[in-house]
Amino acid sequence: MTEALVGLFEALHKLPQLQELKLSDNGLGKCENTERVMEALIHLSQLKTLNLSKNHLGECGNPETVMEALCGSLTHLPQLETLNLSTNHLGDSVANLLPALAHLKELNLLRNDISPGVEQRLELAAKATPGLNLDFGFF
């Protein structure tokens, strides 16, 4: 883990009022980084926007385990409105996000290798969630 990432994770613990966090393309898909970012997120109760795109989170072992950790962190983010998980190769494990959709307004799941069946389940959940913009197609 780079020194910069260690410093970032330590700093996040001291920023409970943070409202927007962009960690796109930061190599968080390395297992030790994935674990640390999930731990750090639980301290950000005022966070409204979270961008974790292009981190290949699903390549750190089992995507199901990564999604379980992410969903656990999301329960500590009651203000979260925008979540970008594009290009993380999470596959069908994104179905675990369904319970977290209630408070989201935007969810970007582009390039996550989601099967058509899970896409349909997500579309149905999005329709049942007023104001949710769900994106998992291609540009």
Side-chain angles (χ1 to χ4, degrees):
M1 181 178 318
T2 67
E3 231 177 276
L5 282 176
V6 170
L8 170 69
F9 297 138
E10 289 173 3
L12 288 176
H13 290 277
K14 300 173 185 172
L15 298 169
Q17 300 301 313
L18 189 69
Q19 293 188 7
E20 185 172 350
L21 181 58
K22 295 180 181 179
L23 292 174
S24 179
D25 204 11
N26 272 290
L28 300 178
K30 296 180 180 122
C31 293
E32 69 275 7
N33 296 345
T34 300
E35 292 170 12
R36 292 287 303 270
V37 75
M38 299 308 165
E39 290 170 10
L41 288 176
I42 66 172
H43 301 283
L44 304 175
S45 62
Q46 300 302 307
L47 198 65
K48 292 185 178 189
T49 301
L50 177 59
N51 184 340
L52 294 173
S53 66
K54 300 178 186 173
N55 278 296
H56 306 280
L57 297 174
E59 294 176 7
C60 173
N62 182 350
E64 294 284 335
T65 304
V66 172
M67 284 308 301
E68 283 178 26
L70 179 60
C71 289
S73 296
L74 290 178
T75 63
H76 296 276
L77 305 177
Q79 306 298 319
L80 191 66
E81 297 176 349
T82 302
L83 178 59
N84 187 340
L85 292 174
S86 64
T87 315
N88 274 297
H89 308 288
L90 294 167
D92 289 344
S93 67
V94 297
N96 295 334
L97 284 171
L98 292 175
L101 293 177
H103 58 284
L104 289 178
K105 293 183 179 173
E106 291 187 41
L107 176 59
N108 187 332
L109 297 172
L110 286 168
R111 295 182 186 89
N112 271 297
D113 310 316
I114 303 168
S115 72
V118 171
E119 282 184 7
Q120 288 178 334
R121 285 175 49 204
L122 289 167
E123 283 178 336
L124 288 172
K127 287 178 184 175
T129 306
L132 176 63
N133 179 23
L134 176 63
D135 189 1
F136 48 68
F138 291 98
F139 297 140

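Only this structure's heavy atoms are used, side chains among them; waters, hydrogens and symmetry mates stay out. Heads up: numbering here begins at 1 and tracks the sequence.
Atom OG1 of Thr65 and atom CE of Met38 lie 11.5 Å apart (nearest 0.5 Å). A distance of 11.5 Å separates CD of Gln46 from CG of Leu80, quoted to the nearest 0.5 Å. Interatomic distance, CG of Leu104 versus CG of Leu134, reported as 10.0 Å (0.5 Å rounding). One distance of note links CZ of Arg111 with CG of Asn88; it measures 12.0 Å at 0.5 Å rounding. Atom CG of Leu109 is separated from atom OG1 of Thr87 by 10.5 Å, given to the nearest 0.5 angstrom. Summarising the geometry, atom CG belonging to Leu50 is positioned 14.0 Å from atom CD belonging to Gln79; distances are rounded to the nearest 0.5 Å.
A salt bridge (Lys or Arg N to Asp or Glu O under 4.0 Å) check over residues 72-99, counting only residues at least two apart or in different chains, returns the pairs Glu81-Lys105. Every pair tested for ring pair (Phe, Tyr, Trp, His ring centres under 6.0 Å) that includes a residue from residues 107-131 fails, sequence neighbours excluded, so the list is empty. Within the structure, salt bridge (Lys or Arg N to Asp or Glu O under 4.0 Å) pairs that include any residue of residues 60-76 do not occur (at least two apart or interchain).
With sequence neighbours excluded, the residues forming a side chain to side chain contact (heavy atoms under 4.5 Å, CB included) with Thr82 are Thr49, Glu106, listed by chain and number. Applying the side chain to side chain donor-acceptor pair (under 3.5 Å) criterion to Ser24, with sequence neighbours excluded, gives Ser53. The side chain to side chain donor-acceptor pair (under 3.5 Å) test applied to Asp113 returns His89, not counting sequence neighbours. Partners of Ala95 by side chain to side chain contact (heavy atoms under 4.5 Å, CB included), not counting sequence neighbours, listed by chain and number: Val118, Arg121. Judged as a ring-ring contact (aromatic ring centres under 6.0 Å, His included), and not counting sequence neighbours, His76 has no contacts.
Side-chain atoms of Asn112 do not come within 3.5 Å of backbone N or O of Ile114 as any donor-acceptor pair.
Considering only heavy atoms from C-beta on, Leu70 comes within 4.5 Å of Leu52 through its side chain. Between Asn108 and Asn51, the closest side-chain pair of non-hydrogen atoms is not below 4.5 Å.
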* To do: Any chance you could lay out the side-chain contact (heavy atoms from CB on, under 4.5 Å) test for Leu97 and Leu107, step after step, and finish with the verdict?
  => CA-CA 10 Å; Leu97 284 171; Leu107 176 59; 4.2 Å; yes

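The two atoms that bring Ser93 and Pro63 nearest to each other are OG-O, 3.5 Å, heavy atoms only.
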Residues 10-23, side-chain donor-acceptor partners within the protein, below 3.5 Å, at least two apart:
from  : atom 1 : to    : atom 2 : distance (Å)
His13 : ND1    : His43 : NE2    : 2.9
Glu20 : OE2    : Lys22 : NZ     : 3.3

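Placement of Leu77 and Leu8 within a single hydrophobic cluster is found when ILVMFWY residues are connected by side-chain heavy-atom separations under 4.5 Å, directly or transitively. A single hydrophobic cluster is not seen to contain both Ile42 and Leu83; linkage of ILVMFWY side chains at heavy-atom distances under 4.5 Å, directly or through other members, places them apart.
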